[in-house]
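A short worksheet on the structure shown next.
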Amino acid sequence: MNPKSVRLTLALVVFLIAHFQFGLVDDKIAFYIFLVVLSVGALWEMGKIFLKWKLKRTIPEFDLSKLKNPAPKFALRAASERFSAAAESLYMVTETTGATGDCYVNSLEILNFDDKEAKKILGYSMESSWDITSGATAMLQIDHLLTSATEGAHLTLGDVHDNETLQRFRDYLASHQSAALPQGNEVVTAFDLIRASWLARASFSCGHLTENEAQGYLATTGMLIQQQFSSWRELAASYLIGYLAWNGGLDDALSSVMKEYSAKERVLGVNLVLGNEASPIFNRPFS
């Protein structure tokens, strides 16, 4: 256990020992103020430790059947559109642990298009996470991701991350038996491309983009993925490294309880998508 994680607990113990042994605080009001502040902090620390312990032992339960829209309203027409949406399953699988069906990859819409409440919630989420409130802001964010992916097409994981960092990423993935261990020569763009594809379909789903606009973005994204990668494993490895770097890079930031669980969830989800026969990309040609 990291001593920093129990600093306030240790401070509470030292404070009580010092007070009762040496009468550290004469004023009762001051004593109780110190006691309450340190006790609340100690309880918070113990709560985080318990949550971390619990989540470390929790295995997320994914449901691949939720990735399939049983009644699509808007079809994915071109092969590049279907390919782009299928690639999103590397991310969308983590959404199947919830109660909603906002994770379809076989239709232009990502949710039940007739569910007004689901569309409203998705709109709120996109506004808070992406600052998307209109077609213009949706296009701005998607264009930014596609530009980044285009300009970064010549960069590999080995170019962007030093050997020590890349090895830490490999070791973390290996600790969860990842099926997508990076070699270092994968292009860095998968995280941006998959997010761009999802943003296009999500923006369409909540009314920010027209059908033609969303399909155009999917066609572009699918084409770029196929140009820059040669297999689902390559795409998955690049995606996971991009996600881990974005999520804290396995440094102190990843000691956050939920960030650590989210990273594990993402890796295990990708394992399932790559290895399960019910996955949208299992044995699917990368072309």
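As a basis for the values below, the full set of heavy atoms in this structure was taken, side chains included, without hydrogen atoms, waters or symmetry mates.
Applying the 6.0 Å contact sphere to NZ of Lys119 captures more than 12 heavy atoms from other residues, nucleotides or ligands.
Between Leu122 and Ala202, the shortest heavy-atom contact is CD2-O, 3.7 Å. Heavy atoms only, all atoms of each residue included: Glu186 and Ala237 are closest at OE2-CB, 4.1 Å. Counting all heavy atoms, side chain and backbone alike, Val105 lies closest to Leu76 at O-CD1, 3.8 Å. What you find for Ala180 and Leu274 is that their closest heavy atoms are CB-CD1, 4.0 Å. When every heavy atom of Ser279 is checked against every heavy atom of Leu272, the shortest pair comes out as CB-O, 4.3 Å. When all heavy atoms of Ala200 and Ala214 are compared, the pair lying nearest together is O-CB, 3.8 Å.
No single ILVMFWY cluster, assembled from side-chain heavy atoms under 4.5 Å apart, contains both Ile121 and Met126. Taken together through direct or relayed side-chain contacts under 4.5 Å among Ile, Leu, Val, Met, Phe, Trp and Tyr, Leu140 and Tyr217 form parts of separate hydrophobic clusters. Linking ILVMFWY residues whenever their side-chain heavy atoms come closer than 4.5 Å, directly or via other members, leaves Phe282 and Leu64 in distinct clusters.
No side-chain donor from either of Tyr104 and Arg201 sits under 3.5 Å from a side-chain acceptor of the other. Side-chain N/O atoms of Asn163 and Gln167 include no donor and acceptor closer than 3.5 Å. When only modelled atom types and interatomic distance are considered, Thr147 and Thr150 share no side-chain donor-acceptor pair under 3.5 Å. Asp192 and Thr189 share no side-chain donor-acceptor pair at under 3.5 Å. With no hydrogens or angles considered, no side-chain donor-acceptor pair links Glu265 and Thr94 at under 3.5 Å.
Looking at Trp130 and Arg195, their side chains come closer than 4.5 Å, going by heavy atoms from C-beta outward. Side-chain contact check for Ile241 versus Leu173: some heavy-atom pair is nearer than 4.5 Å. The closest side-chain heavy-atom distance from Thr221 to Phe83 is not below 4.5 Å. The shortest distance between side-chain heavy atoms of Leu235 and Leu193 does not fall below 4.5 Å. Side-chain contact check for Ser178 versus Val270: every heavy-atom pair is 4.5 Å or farther apart. Side-chain contact between Ile225 and Phe286: present, with at least one pair of heavy atoms (C-beta onward) separated by less than 4.5 Å. Taking 4.5 Å as the limit, every side-chain heavy atom of Ile142 sits out of range of all side-chain heavy atoms of Met139. Using a 4.5 Å heavy-atom threshold, the side chains of Phe169 and Leu157 count as separate.
Relative ring orientation between Trp246 and Tyr243 is described as tilted, the plane-to-plane angle lying within the 30° to 60° band.
Taking the ring centroids of Phe204 and Phe74, they lie under the 6.0 Å cut-off.
In summary, Lys73 and Glu211 do not engage in a salt bridge, as defined by a charged side-chain N under 4.0 Å from a carboxylate O.
At distances below 3.5 Å, not a single donor-acceptor pair connects side-chain atoms of Glu234 with backbone N or O atoms of Ser231.
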Exercise for review: Go through Gln183 and Arg233 one step at a time and tell me if the side chain to side chain contact (heavy atoms under 4.5 Å, CB included) criterion holds.
Suggested key: CA-CA 11 Å; Gln183 303 303 305; Arg233 189 215 62 79; 4.0 Å; yes
